[in-house]
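Counting starts at 1 for both ligands and their atoms, in listed order.
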Amino acid sequence: MHPDITEILYTEDEIANAISSIGRQITADYADKRLLLVSILKGSFIFAADLIRHIELDLAVDFIAVASYGAETKSSGVVRIIKDLEGPLESYDILLVEDIVDSGLTLNYLRKYLRSLNPKSVEIAALLVKEVKQETPVECKYVGFVCPDAFVVGYGLDYAERYRYLPYIGVLDPKVYS
Ligand code: 5GP
């Protein structure tokens, strides 16, 4: 285990099992739809890459990026799109793929924004949802794990661009950021 991690919350195997189950549900739910999977950069890139290989559909993939926390562990409360989607969305059912939902601010903003572009539908797949009271609750159609209210890293999730490569998800030692 990495010395900056105080506890492993989800092992590589547990994550793989959760993703394979979400993939099966998506395959069934979107069988007769035109699915566009939108990965929110950068944190969800590993989740999205693994998830699409568990969906047995002819789906399309795109990426959207919003300004991140930077080297902070709390949301600034401001969401800014720094990389937008490419094409017209009217013919697609969109599935937004997010690494972790905390306050819900990012996803509520993005869902509203994407709906304004008139796709057929917008749903959310989140690998982790934090056990916190969200100011505006986010409805996630697919959730991997409900996780404790700690700052977690690994499996795509970073702190100041570090730890994304860890194959598991763990709690970052507060000593690293305090
Ligand atoms: P929200 O807008 O829901 O408060 O925050 C969502 C974004 O904040 C996530 O996409 C992620 O980038 C970041 N975030 C929230 N909690 C954590 C966490 O525990 N660890 C990491 N690495 N990022 C987090």
Side-chain angles (χ1 to χ4, degrees), residues 1-12 14-15 18-19 22 26 36-52 61-85 94-116 122-178:
M1 186 164 90
H2 192 290
D4 294 348
I5 302 297
T6 56
E7 185 192 350
I8 293 179
L9 293 178
Y10 311 108
T11 64
E12 204 172 346
E14 286 167 338
I15 296 169
I19 291 177
I22 294 175
I26 294 172
L36 172 65
L37 195 133
V38 174
S39 162
I40 305 173
L41 295 173
K42 300 177 191 171
S44 80
F45 81 107
I46 297 181
F47 175 36
D50 283 345
L51 182 61
I52 58 170
V61 181
D62 204 348
F63 299 89
I64 196 163
V66 295
S68 75
Y69 290 7
E72 315 253 321
T73 57
K74 285 282 164 216
S75 172
S76 61
V78 178
V79 177
R80 191 164 48 89
I81 293 176
I82 50 180
K83 188 230 166 283
D84 209 339
L85 299 182
I94 294 181
L95 185 60
L96 263 172
V97 175
E98 177 65 309
D99 50 1
I100 184 162
V101 184
D102 187 358
S103 68
L105 198 96
T106 310
L107 276 174
N108 275 325
Y109 176 87
L110 281 180
R111 169 133 70 181
K112 208 176 284 173
Y113 168 66
L114 290 179
R115 280 192 173 143
S116 76
V122 183
E123 297 289 353
I124 293 166
L127 181 59
L128 305 170
V129 174
K130 266 196 198 171
E131 224 169 11
V132 290
K133 199 175 174 316
Q134 289 154 359
E135 286 154 38
T136 29
V138 192
E139 259 180 58
C140 296
K141 190 164 184 185
Y142 310 98
V143 173
F145 305 96
V146 175
C147 89
D149 186 15
F151 194 80
V152 300
V153 294
Y155 196 75
L157 288 140
D158 75 316
Y159 171 68
E161 295 304 326
R162 301 175 63 198
Y163 314 108
R164 290 194 200 277
Y165 60 89
L166 296 175
Y168 52 82
I169 294 169
V171 177
L172 184 62
D173 190 335
K175 277 197 270 217
V176 175
Y177 54 82
S178 56

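For the residue pair Leu114 and Ile94, the shortest heavy atom distance occurs at CD1-CG2, 4.2 Å.
Among the atoms of Val101, none of the N or O lies under 3.5 angstrom from an N or O of ligand 1. At least one N or O atom of Val152 sits closer than 3.5 Å to an N or O atom of ligand 1. The N/O atoms of Asp158, backbone and side chain alike, include one that comes under 3.5 Å of an N/O atom in ligand 1.
In this view, Tyr142 satisfies the ring-ring contact (aromatic ring centres under 6.0 Å, His included) rule with no residue, not counting sequence neighbours. When the side chain to side chain donor-acceptor pair (under 3.5 Å) test is applied to Tyr168, no partner is found at least two apart in sequence or on another chain.
Listed by number with element, the atoms of ligand 1 under 4.0 angstrom from any heavy atom of Leu105 are 2 (O), 3 (O).
In this structure, the side chains of Leu96 and Leu110 come closer than 4.5 Å at one or more pairs of heavy atoms.
For the 3.5 Å distance criterion, the side chains of Tyr155 and Asp99 fail to qualify, holding no donor opposite an acceptor.
Residue contact check for ligand 1: Phe151 places a non-hydrogen atom closer than 4.0 Å to it.
Among Arg162, Glu98, Arg164, Lys130, the residue whose heavy atom lies closest to atom 19 (O) of ligand 1 is Lys130. Scanning Ala150, Cys147, Gly43, Gly104 for the heavy atom closest to atom 3 (O) of ligand 1 points to Gly104.
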